[in-house]
Amino acid sequence: MSTAPRFDRGHTEDLMSFLAAGPTPYHAVASAAERLEKAAFRQVEETDAWDGTTGGKYVLRGGAIVAWYVPESADPHTPFRIVGAHTDSPNLRVKPRPDAGGHGWRQVAVEIYGGPLLNSWLDRDLGLAGRLSLRDGTSRLVNVDRPLLRVPQLAIHMDRSVHTDGLKLDKQKHMQPIWGLGDDIHEGDLIRFLEEETGLPEGEVTGWDLMTYSVEPPAFLGRDGELVAGPRMDNLLSVHAGTAALAAVSGRDDLPFIPVLAAFDHEENGSQSDTGADGPLLGSVLERSVFARGGTYEDRARAFAGTVCLSSDTGHAVHPNYAERHDPTHHPRANGGPILKVNVNNRYATDGAGRSVFAAACEKAGVPFQSFVSNNAMPCGTTIGPITAARHGIRTVDIGVAILSMHSVRELCGADDPHMLANALVAFLEG
């Protein structure tokens, strides 16, 4: 059995705090780094020379974090055990010229990021958060955590066909939020407002990466509180579990592997960025770790050949109102344990050997697991798993937690699944 502390319902309560503290990928990785710092991890800069010292280290790049723990027993060719996840979620992101409006309303011009369920963003109280880039080349996180914006839905009296033809939303015309009243639109109003919010001098902000989010906090739900409703479970649930698991196994000097957390940005739009899974970040960090410990290219090849990655992302629990949309023999349930995601067309990276690795981890952790495959008549989503496997030649297994309302502004999972996932990840990282 695992020697690390065992996670329970307290982990799920901590997840709710993590979700609330991570309205953007930048905030999420800052929160993960703060938790790792408490476990004696230290940040290393990519522009500095790295040394071969043991202990916990992490790299931050934009909305991505890669963290790893080098035990005393590690050799240059010691393989890695990686928990992979992503930090981004579908949402509405502010355009370069954000000040808009008309007919007496002030609006913020937004662009649709990823594939959100647009109707779930209607009539929600929205905050605004992200990263401000400053004139001196530094950046500042900003979070207006109060009702600031709203995308108002058209009244039923003006669209009686909505009940017969369904709700039809134009991404350009119908999703622009309001944030006040006024006939005069002044260029720079929104950024000046954010400078005031963060105590910055006017004109200090020269760039921004800003996004809206629902300010409604996560909450337990159900007769017995057996469910959790909250934002950005896809995929901060996995980032949180991976962070907790890595912190739990750190300090161990008898680990047969080097445990790693790799949480990437931009999964929702293809992962092709310098902070995405299809970028060079993970490979660069792993290689530099090998070389900093005196390793050669041969050591790097040996380490990668023995490495396994669990790509942890949310999947679909069987929906009671749409059960026919699921594969008839695979119905993952909430609180049934983490799911193993399989697709023979490589939308997921799992194969039989990878299944054995995950099954062993769950058995060691004492948690059940379920299997998920898509209905053959429906297209299957994908994850960072196949990208990680193909880019780095690393055996990768796709797993996660089964949820409902994926890509909604507010998603739903079982309250016990997050801590069961975290316990399985601990067992996997321990080897």
Side-chain angles (χ1 to χ4, degrees), residues 2 66-68 78-86 234-235 237-246 248-249 255-264 267 271 276-278 282-283 286 303-317 327 330 332 336-374 380-403 417-418 420-431:
S2 169
V66 179
W68 65 104
T78 297
F80 301 92
R81 280 282 173 107
I82 305 168
V83 174
H86 68 88
D234 179 15
N235 186 32
L237 189 157
S238 295
V239 176
H240 175 257
T243 302
L246 180 60
V249 303
L255 296 173
F257 303 100
I258 295 174
V260 179
L261 168 69
F264 302 101
E267 188 271 348
S271 296
D278 204 18
L282 176 61
L286 299 184
F304 276 45
T307 292
V308 182
C309 173
L310 291 188
S311 164
S312 183
D313 202 347
T314 54
H316 303 291
D327 182 85
H330 294 79
I339 57 174
L340 180 76
K341 302 159 76 171
V342 178
N343 179 264
V344 295
N345 294 302
N346 280 352
R347 300 293 285 173
Y348 303 133
T350 307
D351 62 8
R355 185 186 194 279
S356 295
V357 172
F358 184 59
C362 289
E363 181 179 3
K364 179 180 178 181
V367 303
F369 76 91
Q370 311 175 82
S371 295
F372 171 83
V373 295
S374 289
C380 179
T382 190
T383 67
I384 66 167
I387 294 171
T388 302
R391 182 171 181 83
H392 305 294
I394 290 172
R395 168 162 288 158
T396 303
V397 188
D398 272 296
I399 66 162
V401 162
I403 69 171
D417 283 324
M420 285 195 280
L421 172 65
N423 286 323
L425 295 183
V426 168
F428 166 73
L429 291 178
E430 286 182 327

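A303 and T78 get closest at one heavy-atom pair: CB-O, 3.6 Å. In this structure, A424 and A361 approach most closely via the heavy-atom pair O-CB, 3.8 Å. Taking all atoms of both residues into account, the shortest heavy-atom contact from V373 to H330 is CG2-ND1, 3.4 Å. Heavy atoms only, all atoms of each residue included: F428 and V308 are closest at CZ-O, 3.5 Å. Of all heavy-atom pairs between P79 and P256, the closest is CD-O, 4.4 Å. Nearest heavy-atom pair across P338 and P368 is CD-O, 3.2 Å.
A search for ring pair (Phe, Tyr, Trp, His ring centres under 6.0 Å) contacts involving F369 returns F358, not counting sequence neighbours. Partners of A262 under the side-chain contact (heavy atoms from CB on, under 4.5 Å) rule, at least two apart in sequence or in another chain, are V66, I82, F264, L282.
Here the CG atom belonging to L429 is positioned 10.5 Å from the CZ atom belonging to F257, to the nearest 0.5 angstrom. Separation of atoms OG1 (T243) and CG (L261) is listed at 4.5 Å; rounding is to 0.5 Å. Between the CD1 atom in I387 and the OG atom in S271 there is a gap of 4.0 Å [rounded to 0.5 Å]. Note: I384 CD1 to E267 CD = 7.5 Å, rounded to the nearest 0.5 Å. Summarising the geometry, atom CD1 belonging to I339 is positioned 8.5 Å from atom NE2 belonging to H316; distances are rounded to the nearest 0.5 Å. Here the straight-line distance linking atom OG1 of T350 with atom CZ of F372 works out to 11.5 Å at 0.5 Å rounding.
Within the 4.5 Å cutoff, side-chain heavy atoms of L425 are placed close to those of I399. Looking only at side-chain heavy atoms (C-beta outward), V342 and Y348 stay at 4.5 Å or farther from each other.
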Given side-chain contact (heavy atoms from CB on, under 4.5 Å), test D417 with L237 step by step and report yes or no. CA-CA 10 Å; D417 283 324; L237 189 157; over 6 Å; no
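Within the 3.5 Å criterion, the main-chain N or O of G337 finds a donor-acceptor partner in the side chain of Q370. With hydrogens and angles ignored, the 3.5 Å screen pairs a side-chain donor or acceptor of S238 with a backbone N or O of S312. Side chain of N345 to backbone of R347: no donor-acceptor contact under 3.5 angstrom is found.
Residue pairs meeting the side-chain hydrogen bond (donor to acceptor under 3.5 Å, both in side chains) criterion with at least one partner in residues 388-399, sequence neighbours excluded, are S311-D398, T383-D398.
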